[in-house]
Amino acid sequence: QVQLVESGGGLVQAGGSLRLSCVASGRTLSSYTMGWFRQAPGKAREFVAGISWRGANTAYADSVKGRFTISRDNAKNTVYLQMNSLKPEDTAVYYCAADLRLRIGVTPDEYHYWGQGTQVTVSS
């Protein structure tokens with residue numbers, strides 16, 4: 001079993017930055033695809049960014065490209081999401097996800113393991 005725990009969420013002003021962390025435990029994730037999703041109240045869960053831990057492939061939603069950066073440190077079993085130039089529309093619960101698939105999935109159904117989520121609130 002794989003357990004994922006997110007941290008780093010909080011309240012930040014528009015234009016500010018925040019870094020989310022996701023620590024995995026239970027088994028190695030070196031060959032897992034990792035992703036970040038977010039869900040705002042009344043909205044569907046939305047893909048934010050993904051990364052392949054076997055290579056250097058990354059993928060981003062158009063809404064965050066150029067502002068967010070996903071990275072990983074396999075020695076620490078941790079994936080990060082650096083969020084810059086934050087906007088109020090970035091406000092959501094952010095979830096870390098992992099899956100055995102080799103491709104980067106962009107839908108929630110493509111990920112089997114999920115964290116509990118961390119709240120990110122961006123004020124105007």
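The model shown is predicted, which means the values in this text are computed figures rather than measured ones.
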Check: To the nearest 0.5 Å, how far apart are CG in Asp109 and CG in Asp99?
Finding: 10.5 Å
Notebook entry, point to check: Roughly how far, to the nearest 0.5 Å, is the CD atom of Glu6 from the SG atom of Cys96?
Noted result: 5.5 Å
Notebook entry, point to check: So if you build clusters from Ile, Leu, Val, Met, Phe, Trp, Tyr with side-chain heavy-atom gaps below 4.5 Å, do Val93 and Leu81 land together?
Noted result: no
Check: Does some side-chain heavy atom of Ile70 sit less than 4.5 Å from a side-chain heavy atom of Trp36?
Finding: yes
Item checked: Backbone of Ser52 reached by a side-chain donor or acceptor of Asn57 within 3.5 Å -> no
Check: Within a strict 4.5 Å, meaning less than it, do heavy atoms of the Tyr94 and Val48 side chains meet?
Finding: yes
Next item on the list: Carefully, step by step, assess Leu4 and Met34 under the rule side chain to side chain contact (heavy atoms under 4.5 Å, CB included).
Entry: CA-CA 11 Å; Leu4 306 174; Met34 304 292 297; 4.3 Å; yes
Next item on the list: Report yes if the side chains of Ile51 and Val79 come closer than 4.5 Å at any heavy-atom pair, otherwise no.
Entry: yes
Margin query: Ring of Tyr80, cation from Arg72 - is the NZ or CZ under 6.0 Å from the centre and inside 45° of the axis?
Written below: no
Item checked: Validation row: Ser63, Glu46 side chains within 4.5 angstrom (heavy atoms) -> yes
Notebook entry, point to check: Which distance, rounded to the nearest 0.5 Å, do you find between the OG1 of Thr69 and the CG of Asn84?
Noted result: 6.5 Å
Next item on the list: Determine, stepwise, if the pair Gln39 / Tyr95 fulfils side chain to side chain contact (heavy atoms under 4.5 Å, CB included).
Entry: CA-CA 8 Å; Gln39 188 166 22; Tyr95 297 90; 4.1 Å; yes
Checklist line | Minimum-distance pair of heavy atoms, taken over all atoms of Phe47 and Gly105 | finding: CE1-O, 3.5 Å
Check: Between Ser124 and Ala14, what is the shortest heavy-atom contact and its length?
Finding: CA-CB, 4.4 Å
Checklist line | Hydrophobic cluster membership, Val5 vs Val2, 4.5 Å side-chain cutoff | finding: no
Check: For Tyr111, which residues count as a ring pair (Phe, Tyr, Trp, His ring centres under 6.0 Å) partner, sequence neighbours excluded?
Finding: Phe37
Note to self: Contact between Leu100 and Tyr32 at the side-chain level, heavy atoms closer than 4.5 Å - yes or no?
What the structure shows: yes
Checklist line | Any Ser17 side-chain heavy atom under 4.5 Å of Gln82 side chain | finding: yes
Item checked: side-chain hydrogen bond (donor to acceptor under 3.5 Å, both in side chains) against Arg67, all qualifying residues, sequence neighbours excluded -> Asp90
Notebook entry, point to check: When rounded to the nearest 0.5 angstrom, what distance separates CD in Glu89 from CZ in Arg38?
Noted result: 8.0 Å
Margin query: Quick one, Thr118 and Leu20 - any side-chain contact, counting heavy atoms below 4.5 Å?
Written below: yes
Next item on the list: Could you walk me through whether Leu18 and Leu86 pass the side chain to side chain contact (heavy atoms under 4.5 Å, CB included) test, one step at a time?
Entry: CA-CA 8 Å; Leu18 206 61; Leu86 282 162; 3.9 Å; yes
Next item on the list: With side chain to side chain contact (heavy atoms under 4.5 Å, CB included) as the test, would you mind laying out the steps for Val120 and Thr91 before giving the verdict?
Entry: CA-CA 5 Å; Val120 172; Thr91 296; 5.9 Å; no
Check: With Thr107, which residues qualify under side-chain hydrogen bond (donor to acceptor under 3.5 Å, both in side chains), at least two apart?
Finding: Glu110
Notebook entry, point to check: In terms of hydrophobic clustering (I, L, V, M, F, W, Y; side-chain heavy atoms under 4.5 Å; direct or indirect links), are Met83 and Tyr60 co-clustered?
Noted result: yes
